[in-house]
J.: 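Just passing along the structure, written as structure tokens.
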Amino acid sequence: DAPPTVLMMGEIGERKGAFDLVQTIPAVLQAVPNAHFRFAGNGETEELQNMANDLGVRDHVDVMGWTSGEAKVDAFQSADVYCLPSYAENLPVSILEAMAARLPVISTPVAGTPEEVLEGKTGFLVQPGDKDALSDRLVRLLSDPSLRSNMGMAGRKHAEENFDNEVVCKRLIELWESTR
């Protein structure tokens with residue numbers, strides 16, 4: 001059985017909340033000991049890896065670097081939860097990609113994100129930098145497969161109904177369908 005996996009895709013650094021996410025891992029592992037975290041993106045990958053090593057969670061962290069094409073599709077399809085705890089955003093495409101892949105999303109209420117992530121319905125919104133809330137929501141989703149499934153399906157429906165006119169979303173949904 002594959003471990004429950006959290007995916008973050010985007011620039012690795014402070015702005016996207018990657019360091020906050022890695023700092024929640026020890027708390028999450030207390031509740032979900034087999035949880036796995038994948039970070040896909042370039043940026044401060046070495047700092048992130050060092051932080052994971054220092055926290056003693058290296059075996060639960062996969063720093064993937066820049067990910068595109070088939071590897072990106074695979075990353076979304078092998079994940080259980082998508083997490084983007086950003087401090088600043090526009091309208092994150094990676095959240096739409098995650099929703100197209102039927103993943104529940106944990107993010108922050110910055111810029112256009114609340115239009116994508118409906119609190120308690122398609123995922124959870126936490127304040128930027130609130131690592132306690134972040135680890136709480138991660139544990140909640142990682143330990144409840146039916147909540148993940150329900151939120152993931154609601155997210156997919158929300159993406160189709162509200163972002164379908166966005167070419168990117170249409171293309172992504174077709175991509176997911178072709179690889180199912």
Side-chain angles (χ1 to χ4, degrees), residues 1-12 16-18 20-22 24-25 28 31-32 34-41 60-64 66-86 89 91-126 133-164 166 168-180:
D1 216 20
T5 301
V6 176
L7 174 66
M8 179 188 159
M9 199 164 283
E11 186 195 336
I12 304 300
K16 296 274 186 186
D20 287 350
L21 179 55
V22 82
T24 67
I25 296 175
V28 171
V32 188
N34 63 335
H36 197 76
F37 293 77
R38 302 181 87 190
F39 293 84
H60 296 269
V61 173
D62 181 10
V63 181
M64 300 163 64
W66 178 251
T67 306
S68 60
E70 204 135 313
K72 185 175 183 179
V73 172
D74 181 63
F76 278 110
Q77 290 186 330
S78 61
D80 297 290
V81 174
Y82 186 73
C83 186
L84 190 72
S86 300
E89 275 303 343
L91 189 76
V93 172
S94 69
I95 289 181
L96 293 176
E97 294 173 316
M99 290 165 69
R102 294 187 177 88
L103 294 179
V105 176
I106 301 174
S107 193
T108 52
V110 294
T113 306
E115 295 167 34
E116 297 174 313
V117 182
L118 308 179
E119 169 62 32
K121 188 171 181 216
T122 67
F124 295 113
L125 294 169
V126 300
L134 188 57
S135 54
D136 172 76
R137 302 315 184 277
L138 285 162
V139 166
R140 218 188 290 182
L141 280 169
L142 290 171
S143 48
D144 189 340
S146 69
L147 180 63
R148 287 200 303 267
S149 171
N150 292 340
M151 283 187 164
M153 304 236 283
R156 169 64 175 261
K157 190 167 184 274
H158 181 61
E160 285 175 341
E161 288 171 359
N162 296 280
F163 299 96
D164 204 37
E166 308 214 0
V168 63
C169 199
K170 228 183 198 100
R171 204 182 70 231
L172 289 163
I173 288 171
E174 285 162 7
L175 181 65
W176 298 133
E177 292 308 317
S178 70
T179 58
R180 281 193 86 79

J.: Between V105 and M151, is any pair of side-chain heavy atoms under 4.5 Å apart?
T.: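 The answer is no, as the side chains (C-beta and beyond) never meet within the 4.5 Å cut-off.
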J.: Roughly how far apart are K16 NZ and S86 OG, rounded to 0.5 Å?
T.: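 Reported to 0.5 Å precision, the distance equals 5.0 Å.
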J.: State, with a plain yes or no, whether a side-chain heavy atom of L138 is found less than 4.5 Å away from one of V6.
T.: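 Yes. Closest side-chain heavy atoms under 4.5 Å.
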J.: What pairs with A79 under side-chain contact (heavy atoms from CB on, under 4.5 Å), at least two apart in sequence or on another chain?
T.: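 Per chain and number, A79 pairs via side-chain contact (heavy atoms from CB on, under 4.5 Å) with L7, L103.
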J.: Would you mind listing every ring-ring contact (aromatic ring centres under 6.0 Å, His included) that reaches into residues 97-123, with sequence neighbours excluded?
T.: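 Not a single pair qualifies under ring-ring contact (aromatic ring centres under 6.0 Å, His included).
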J.: Give a yes or no on whether the backbone of L84 and the side-chain of S107 come within a donor-acceptor separation of less than 3.5 Å.
T.: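 Yes; at least one donor-acceptor contact below 3.5 Å.
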J.: State, with a plain yes or no, whether a side-chain heavy atom of M64 is found less than 4.5 Å away from one of M9.
T.: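 No - every pair of side-chain heavy atoms lies 4.5 Å or more apart.
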J.: Could you tell me the separation between the CZ atom of F37 and the CD1 atom of I25, rounded to the nearest 0.5 Å?
T.: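 That separation rounds to 4.5 Å.
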J.: Specify the closest pair of heavy atoms between V139 and A31, including all atoms of both residues, with the distance to one decimal.
T.: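 Minimum heavy-atom contact is CG1-CB, 3.6 Å.
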J.: Go through the structure and list residues passing side-chain contact (heavy atoms from CB on, under 4.5 Å) with S149, not counting sequence neighbours.
T.: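 Scan of S149 (side-chain contact (heavy atoms from CB on, under 4.5 Å), adjacent residues dropped) gives M153.
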J.: Treating H60 as the side-chain partner and H36 as the backbone partner, does any N or O pair qualify as donor plus acceptor under 3.5 Å?
T.: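 Checking the backbone N and O of H36 against the side chain of H60, no donor-acceptor pair under 3.5 Å is found.
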J.: Identify the two heavy atoms, one from G41 and one from I12, that lie closest to each other, and give their separation to 0.1 Å.
T.: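 Answer, listing the atom of G41 first, then I12: O-CG1, 3.5 Å.
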J.: Taking salt bridge (charged side-chain N to carboxylate O under 4.0 Å, His left out) as the definition, give me every residue that meets it alongside R38, ordered by chain and number, with sequence neighbours left out.
T.: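 Only D62 meet the salt bridge (charged side-chain N to carboxylate O under 4.0 Å, His left out) criterion with R38.
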J.: Just to verify, what does S135 make a side-chain contact (heavy atoms from CB on, under 4.5 Å) with, not counting sequence neighbours?
T.: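 Partners of S135 under the side-chain contact (heavy atoms from CB on, under 4.5 Å) test: T24, A27, V28.
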J.: What closest approach, in Å, do E89 and A111 show between heavy atoms, and which atom pair accounts for it?
T.: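 Nearest pair, atom of E89 first, then A111: O-CB, 3.0 Å.
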J.: If you round to the nearest 0.5 Å, how far is CG of D144 from CG of D80?
T.: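 One gets 12.0 Å once the value is rounded to the nearest 0.5 Å.
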J.: Could you tell me which residues satisfy side-chain hydrogen bond (donor to acceptor under 3.5 Å, both in side chains) with R140, sequence neighbours excluded, listed by chain and number?
T.: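 side-chain hydrogen bond (donor to acceptor under 3.5 Å, both in side chains) check on R140 returns D136.
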J.: Distance from I106 atom CD1 to T108 atom OG1, nearest 0.5 Å?
T.: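 Going from the CD1 atom of I106 to the OG1 atom of T108 covers 11.5 Å.
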J.: Any sub-3.5 Å donor-acceptor pair from R102's side-chain atoms to G152's backbone N or O?
T.: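 Between the backbone of G152 and the side chain of R102 there is no qualifying donor-acceptor contact (under 3.5 Å).
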J.: Using side-chain hydrogen bond (donor to acceptor under 3.5 Å, both in side chains) as the criterion, list what pairs up with H158, not counting sequence neighbours.
T.: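 Once residues adjacent in sequence are excluded, the partners of H158 under the side-chain hydrogen bond (donor to acceptor under 3.5 Å, both in side chains) criterion are N162.
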J.: Would you check if P4 and L141 make a side-chain contact, meaning some heavy-atom pair closer than 4.5 Å?
T.: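 Side chain of P4 against side chain of L141, heavy atoms only: no contact under 4.5 Å found.
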J.: Do you know the tightest heavy-atom contact between A35 and L142?
T.: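 Between these two residues, the closest heavy atoms are CB-CD1, 3.9 Å.
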J.: Applying side-chain hydrogen bond (donor to acceptor under 3.5 Å, both in side chains), name anything that partners S94, two or more places apart in sequence or on another chain.
T.: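 Here the qualifying residues are Y82.
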J.: Mind checking what makes side-chain hydrogen bond (donor to acceptor under 3.5 Å, both in side chains) contact with K157, not counting sequence neighbours?
T.: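 If we apply the side-chain hydrogen bond (donor to acceptor under 3.5 Å, both in side chains) test to K157, skipping adjacent residues, the hits are E161.
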J.: Using every non-hydrogen atom in the two residues, find where A100 and R156 come nearest and quote the distance to one decimal.
T.: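 Nearest pair, atom of A100 first, then R156: O-NH1, 2.7 Å.
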J.: Quick one: side-chain contact (heavy atoms from CB on, under 4.5 Å) partners of N150, sequence neighbours excluded?
T.: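 For N150 there are no side-chain contact (heavy atoms from CB on, under 4.5 Å) partners, ignoring immediate neighbours.
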J.: Nearest 0.5 Å, what's the CZ-CE distance between F76 and M99?
T.: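 Nearest 0.5 Å value for the CZ-CE distance: 12.0 Å.
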J.: Enumerate donor-acceptor pairs with a distance under 3.5 Å from any side-chain N or O in residues 112-125 to protein atoms, sequence neighbours excluded.
T.:
from, atom 1, to, atom 2, distance (Å)
T113, OG1, V110, O, 3.1
E119, OE1, L125, N, 2.6
T122, OG1, L118, N, 2.8

